[in-house]
Amino acid sequence: MDAFYYSRPALADHLVADLTGANPFSDAPNGLFLAAPRRTGKSTFLQNELRPALERAGCVVVYVDLWSDKSRNPGALIADAVGAELHKHLGIVAKTAKGAGVSELNIAGWMKIDTKKIGTIDGLTLADAIRALCDMSRRTVALMIDEAQHSLTSDEGETAMTALKSARDQLNTPSETRLLLVMSGSDRDKLLRLVNSNAAPFFGSAITRMPELDRDFIVHIAGLIERSYPRMAPIDVDVLWDAFERLAHRPQPLLRLLGIVLNPLHSPVRGFEREVLLMAEAQRADDERAMESAYLVLRPIEQAVLWRMFEQKNRFRPYDADALVFYREKTGEKITAQKAQAAIASLRAQTPSLIWKSAKGEYALDDTGMYQWFEKRRQQGTWPPVGPDLAEPDQEDEPDTPQP
Ligand SMILES: Nc1ncnc2c1ncn2[C@@H]1O[C@H](COP(=O)(O)OP(=O)(O)OP(=O)(O)O)[C@@H](O)[C@H]1O
Ligand SMILES: [Mg+2]
């Protein structure tokens with residue numbers, strides 16, 4: 001079931017209507033902020049569905065993934081993508097101009113572009129480049145920024161977001177929207193930081209939860225299976241849906257498990273749905289074990305910091321008096337702000353990093369699944385996890401050395 005893809009045209013149409021102002025009660029023309037957990041199909045949806053839907057609605061679409069190169073300045077990544085699109089639109093005009101020995105192009109009568117530099121946009125601000133793209137294409141530009149929260153981890157990224165906001169404010173008037181912004185990210189709380197404080201670039205916008213693949217996705221898969229293996233009908237959709245929920249609504253692992261049981265080399269057996277559910281449970285247990293071992297190898301103060309983050313979520317302040325008392329309680333040692341700071345630094349230095357920090361100094365867990373893991377264990381009364389007693393191995397009790 002490798003190339004399987006389930007499309008959601010109604011969702012795409014709905015978002016396009018919101019963005020283009022067809023829905024008078026939507027704030028999306030000021031920016032659409034979409035959040036959904038990791039691996040639930042955000043990027044695929046933006047590229048495979050929202051992009052063509054916006055193009056059909058007459059927009060020029062530019063897609064940028066800020067995680068495509070985390071070491072690069074988000075502003076430069078966005079500028080490159082806009083520049084590449086601009087290049088396409090300028091291509092013909094520019095070639096003619098270059099051929100005629102013209103070194104500067106006058107776009108729509110207001111902006112001069114050095115034809116030698118077309119494709120790069122140095123010398124132009126991001127806002128100018130977007131405006132040039134609007135003018136050259138004579139269309140509305142829709143800029144999609146995937147993993148937009150990443151912009152908040154650096155000052156350069158924040159500057160880029162502020163530039164986008166100012167471009168939006170310059171280009172859009174009540175009667176005409178020329179720049180649409182779609183920002184997505186895997187974590188609502190992190191995305192919120194783009195919109196929820198006075199100083200945030202998109203203050204006042206709301207975050208929409210991007211709907212995850214729902215039961216229809218499972219019904220659709222069940223239909224496909226029934227067609228390929230009529231003897232298996234009717235498929236137990238409830239059980240497959242249970243399995244999908246265990247997998248946190250992530251299509252990829254579900255398809256992989258189905259691929260195992262519906263292997264063309266062995267014909268599937270009745271009740272294969274249960275088998276998928278059992279494997280999904282096992283997979284979830286594996287994921288939880290992985291989190292547990294990641295937690296257990298940490299030093300006590302690092303564990304205490306994470307624990308505090310689990311409890312406090314976005315109210316977490318690493319060095320306030322209450323936090324220091326908490327660390328002391330959990331580690332049995334006096335923890336100074338310096339020690340806590342060192343612990344945070346080492347949690348951030350892990351690969352993958354356990355903690356995320358914004359340029360303004362706010363913290364969050366990188367893998368939000370860990371919050372759920374914590375909540376679950378707490379409800380079950382199995383928090384905190386306890387590791388095996390790692391007593392120093394006693395030399396004398398070592399297993400016998402190999403005999404010559
Ligand atoms: N509608 C769909 N039908 C089938 N498979 C899908 C669908 N959407 C996504 N997938 C698969 O799910 C996996 C994750 O998709 P995608 O990368 O789009 O998710 P994401 O939410 O952007 O993930 P990340 O948090 O890593 O950025 C991919 O392997 C993709 O092929
Ligand atoms: Mg993605």
Side-chain angles (χ1 to χ4, degrees), residues 12 15-23 26-34 46-47 50-66 74-98 102 104-146 148 151 157 159-184 194 201-202 205:
L15 293 177
V16 169
D18 280 358
L19 277 162
T20 54
N23 171 2
S26 165
D27 181 52
N30 285 320
L32 177 63
F33 294 80
L34 292 171
L46 290 185
Q47 293 176 89
L50 192 56
R51 178 188 199 123
L54 281 166
E55 283 169 351
R56 281 194 300 277
C59 299
V60 178
V61 182
V62 177
Y63 171 88
V64 195
D65 177 0
L66 297 188
L77 282 175
I78 300 170
D80 276 2
V82 174
E85 190 64 33
L86 185 59
H87 187 62
K88 282 190 218 157
H89 292 268
L90 286 174
I92 299 162
V93 192
K95 266 186 210 129
T96 330
K98 269 187 191 160
V102 180
E104 274 199 342
L105 261 185
N106 205 333
I107 297 173
W110 63 270
M111 190 169 100
K112 295 203 165 53
I113 290 190
D114 183 342
T115 50
K116 291 192 288 297
K117 287 191 179 160
I118 281 170
T120 73
I121 60 164
D122 35 310
L124 290 186
T125 66
L126 191 53
D128 283 341
I130 293 171
R131 177 188 289 259
L133 184 54
C134 284
D135 285 347
M136 290 304 292
S137 62
R138 295 201 178 82
R139 284 191 270 159
T140 298
V141 171
L143 184 53
M144 297 198 214
I145 305 200
D146 206 353
S151 63
T159 309
M161 286 295 143
T162 312
L164 286 182
K165 178 198 180 285
S166 110
R168 178 200 72 185
D169 294 346
Q170 287 169 38
L171 286 162
N172 295 352
T173 61
S175 59
E176 195 189 15
T177 305
R178 300 177 72 201
L179 175 60
L180 298 175
L181 295 171
V182 179
M183 313 253 180
S184 86
L194 280 167
F202 295 96
S205 285

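Predicted, not measured: the structure shown is a model, and the values here were computed from it.
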In sequence, state the C-alpha distance, the side-chain angles, and the governing distance for Met161 and Ile145, and then conclude on side chain to side chain contact (heavy atoms under 4.5 Å, CB included). CA-CA 10 Å; Met161 286 295 143; Ile145 305 200; 4.3 Å; yes

Supply the atom-to-atom distance Cys59 SG to Leu143 CG, rounded to the nearest 0.5 angstrom. 11.5 Å

How many angstroms lie between atom OG of Ser205 and atom CE of Met183, to the nearest 0.5 angstrom? 9.0 Å

How about Ser184 and Asp146: does a side-chain donor come under 3.5 Å of a side-chain acceptor? yes

Enter the distance from Ser26:OG to Leu32:CG here, rounded to the nearest 0.5 Å. 7.0 Å

Please step through side chain to side chain contact (heavy atoms under 4.5 Å, CB included) for the pair Val182 and Leu15, ending with a clear verdict. CA-CA 10 Å; Val182 179; Leu15 293 177; over 6 Å; no

For the CD1 atom of Ile130 and the CD atom of Glu85, what is their distance to the nearest 0.5 Å? 12.0 Å

Give the C-alpha distance, both sets of side-chain angles, the deciding distance and a yes or no for side chain to side chain contact (heavy atoms under 4.5 Å, CB included) between Val61 and Arg139. CA-CA 10 Å; Val61 182; Arg139 284 191 270 159; over 6 Å; no

So how far is it from Leu77 CG to Asp65 CG, rounded to the nearest 0.5 Å? 8.5 Å

With sequence neighbours excluded, what pairs up with Asp169 under the salt bridge (charged side-chain N to carboxylate O under 4.0 Å, His left out) test? Lys165

Please answer whether the main-chain N or O of Thr177 pairs with a side-chain N or O of Thr140 as donor and acceptor at a distance below 3.5 Å. yes

Backbone of Asn30 reached by a side-chain donor or acceptor of Arg168 within 3.5 Å: yes

As an exercise, state the distance from CG of Leu46 to CG of Leu54, rounded to the nearest 0.5 Å. 9.5 Å

